[in-house]
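We count ligands from 1, going down the list as the structure has it; atoms in each ligand are counted the same way.
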Amino acid sequence: MAIKNAYLLDLLQRVEKRNPNEPEFLQAVTEVLSTLEPVIEKRQDLVDAGVLERIVEPERQITFRVPWVDDNGKMHVNRGYRVQFNSAIGPFKGGIRLHPSVCPSIMKFLGFEQVFKNSLTTLPMGGAKGGCDFDPKGKSDNEIMNFCQSFMTELYRHIGADCDVPAGDIGTGAREIGYMFGQYKRITGQYEGVLTGKGLTYGGSLARKEATGFGLCYFTNEMLKANGTSFEGKTVLVSGSGNVAIYACQKATEYGAKVVAMSDSNGYIYDKDGIDLDAVKQIKEVERKRIKEYLSYRPNAEYHEGCKGIWTIPCDIALPCATQNEIDGESAAILAKNGCKVVSEGANMPSTPEAIETYFANNMLYGPAKAANAGGVATSGLEMSQNSLRLSWSFEEVDEKLHNIMISIFNACDKASKEYGMEGNYMAGANIAGFIKVAEAMKAQGNV
Ligand code: NDP
């Protein structure tokens, strides 16, 4: 959506000037500002309070050296980050990404998105993101532990249960969170809920592992219901084969859909009979191998090199669950041409602006990431609550709370889209509903 409002255009130009060479961050800011026009027209008080100028600038950005030694005694140096974007409605909260592509632009786009997402969850959490340009692939457990300890040896001074609570993301799963938690405890002597996604034996929450994928399907199910349809009998593509993808595949299948494809950064598998999720879990969660190993479990399936090809498979529903900008305009056009009616995002910002335009031009239902994948952070919020209470809830209790949160997120997006004259545009609804809560809190707290 093009920005017409003169104030927003001027603001965007200032953001572009101040953040050159940060394409992902500018993409995320442009998308949000392009949907806030009707809010700005109604709420001059928020403009006067300088809320918008502040919301596009992180409160604090930390960059640090992460030296670690590999199994052969060789020293490596990576660069670590924590971007504490906004703490108006609660302590900073957001994951840690370990991937060679990690850079300031990716950290800032993820931190910015997290502010609105966390606001939508209804829980008191500000937005942040962190990470490192470290590649966990092919590293031994010992190397991963050395790296995680070094990373935390710097990060610990910037985080805490009441100021900033990191979690997992790409490359950071239960193993990495465990090593980081151990090092935090060792340095500070504090046993506190400073990280979420912890193991169940030391303060983790049941259903956290499943939460983002399950939450994506709960949100998508509400969106489908509101538009007179359901998952039942639908053919679904799920990109990625990591934490989000696996549990999205599981819940979509439980809802009666058939998931026929999954991927990793090398290629994708197509199984017309429906994905055997036990095989994927064994390959990815236990053996940490590549998705092409799937053929040794299901020889009739196909494997193709290159991840983009997954979007050429005909489907009713696409659930991108791998990484940013994985669906471009061309892939979106192929999805539409092949009859795909729904795209709902498990990954953060997986659709390029051209892809999103294509969804709208083809009247597809579009579930934007900051709403559709908010179940992970929502359940991290529930993990924080359990840690504060020093209690553990059952899987069913957490899952039910998650389900209700996802229903309320969908309703908030739907309501805001209607209230601001963009019915059915859940992207605008998510941005507006997420923004207003944070903006009101920022205005109330003065010029900080
Ligand atoms: P994982 O590391 O568990 O899995 C990531 C998956 O995506 C892997 O299959 C990986 O393949 C693939 N992938 C990663 N980078 C690329 C790339 N550049 N090109 C193609 N494929 C890629 O991460 P998660 O499942 O946790 O995260 C997936 C997405 O969901 C991310 O966008 C993340 O920010 C988002 N998300 C995650 C949440 C969570 O709770 N974990 C919460 C909300 C959002 P390979 O193994 O080959 O790298």
Given salt bridge (charged side-chain N to carboxylate O under 4.0 Å, His left out), test Lys129 with Asp169 step by step and report yes or no. CA-CA 9 Å; Lys129 200 78 189 190; Asp169 190 72; 3.1 Å; yes

For a side chain to side chain contact (heavy atoms under 4.5 Å, CB included) with Val342, tell me which candidate from Ile317, Thr229, Asp316 qualifies. Ile317

Could you find the nearest protein heavy atom to [atom] and give me its residue, atom name and distance?
| atom | result |
| --- | --- |
| atom 27 (O) of ligand 1 | Ile170 CG1, 3.7 Å |
| atom 25 (O) of ligand 1 | Val244 N, 2.9 Å |
| atom 13 (N) of ligand 1 | Ala322 CB, 4.1 Å |
| atom 6 (C) of ligand 1 | Gly242 N, 4.0 Å |
| atom 3 (O) of ligand 1 | Asn243 N, 2.9 Å |
| atom 33 (C) of ligand 1 | Asp169 OD1, 3.1 Å |

Under 6.0 Å from the ring centre and within 45 degrees of the ring axis: does the NZ or CZ of Lys139 meet both conditions for the six-membered ring of Phe134?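 Yes; both conditions hold, so Lys139 lies above the ring face of Phe134.
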
Check the angle between the aromatic planes of Phe219 and Phe410 and answer parallel, tilted or perpendicular using the 30° and 60° thresholds. perpendicular

Show which atoms of ligand 1 fall inside a sub-4.0 Å distance from at least one heavy-atom site of [X].
| X | value |
| --- | --- |
| Ala347 | 29 (C), 30 (O), 32 (O), 35 (C) |
| Arg97 | 31 (C), 32 (O), 33 (C), 34 (O) |
| Gly240 | 9 (O) |
| Cys321 | 28 (C), 29 (C) |
| Gly171 | 2 (O) |
| Gly346 | 30 (O), 35 (C), 36 (N), 44 (C) |
| Asn348 | 32 (O), 33 (C), 34 (O), 35 (C), 36 (N), 44 (C) |

Does ligand 1 have any atom sitting under 4.0 Å from a heavy atom of [X]?
| X | value |
| --- | --- |
| Gly168 | no |
| Arg290 | yes |
| His99 | yes |
| Lys137 | yes |

So for ligand 1, is Gln324 a polar contact partner (N or O within less than 3.5 Å, distance only)? no

Can an N or O of Arg208 be found at a distance shorter than 3.5 Å from an N or O of ligand 1?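 Yes; at least one N/O pair falls below 3.5 Å.
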
Polar side chain donor-acceptor pair, [X] to [Y], under 3.5 angstrom:
| X | Y | answer |
| --- | --- | --- |
| Glu210 | Asn243 | no |
| Tyr184 | Glu192 | yes |
| Asn266 | Tyr303 | no |
| Asn348 | Asn373 | yes |

With respect to [atom], which of [options] exhibits the smallest heavy-atom separation?
| atom | options | value |
| --- | --- | --- |
| atom 17 (C) of ligand 1 | Thr196, Thr323, Asn266 | Thr323 |
| atom 42 (C) of ligand 1 | Ile106, Thr212, Leu216, Asp264 | Thr212 |
| atom 21 (N) of ligand 1 | Gly131, Gly213, Ser265, Ser241 | Ser265 |

So that I can tick it off, tell me whether Lys251 and Glu254 are bridged by a salt bridge, with the cut-off set at under 4.0 angstrom between side-chain N and carboxylate O. yes

Is it true that Glu154 and Arg157 make a salt bridge, defined as a side-chain N closer than 4.0 Å to a carboxylate O?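 Counted as a salt bridge, because a side-chain N and a carboxylate O are separated by less than 4.0 Å.
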
Not counting sequence neighbours, which residues clear salt bridge (charged side-chain N to carboxylate O under 4.0 Å, His left out) with Asp276? List them please.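 Applying salt bridge (charged side-chain N to carboxylate O under 4.0 Å, His left out) to Asp276 gives Arg298.
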
Holding to ring-ring contact (aromatic ring centres under 6.0 Å, His included), I want the full list of residues that pass it with Phe181, two or more places apart in sequence or in another chain.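 For Phe181, the residues satisfying ring-ring contact (aromatic ring centres under 6.0 Å, His included) (neighbours in sequence not counted) are Tyr191, Tyr202.
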
Can you name the one residue among Glu22, Glu57, Glu113 that meets side-chain hydrogen bond (donor to acceptor under 3.5 Å, both in side chains) with Lys108? Glu22

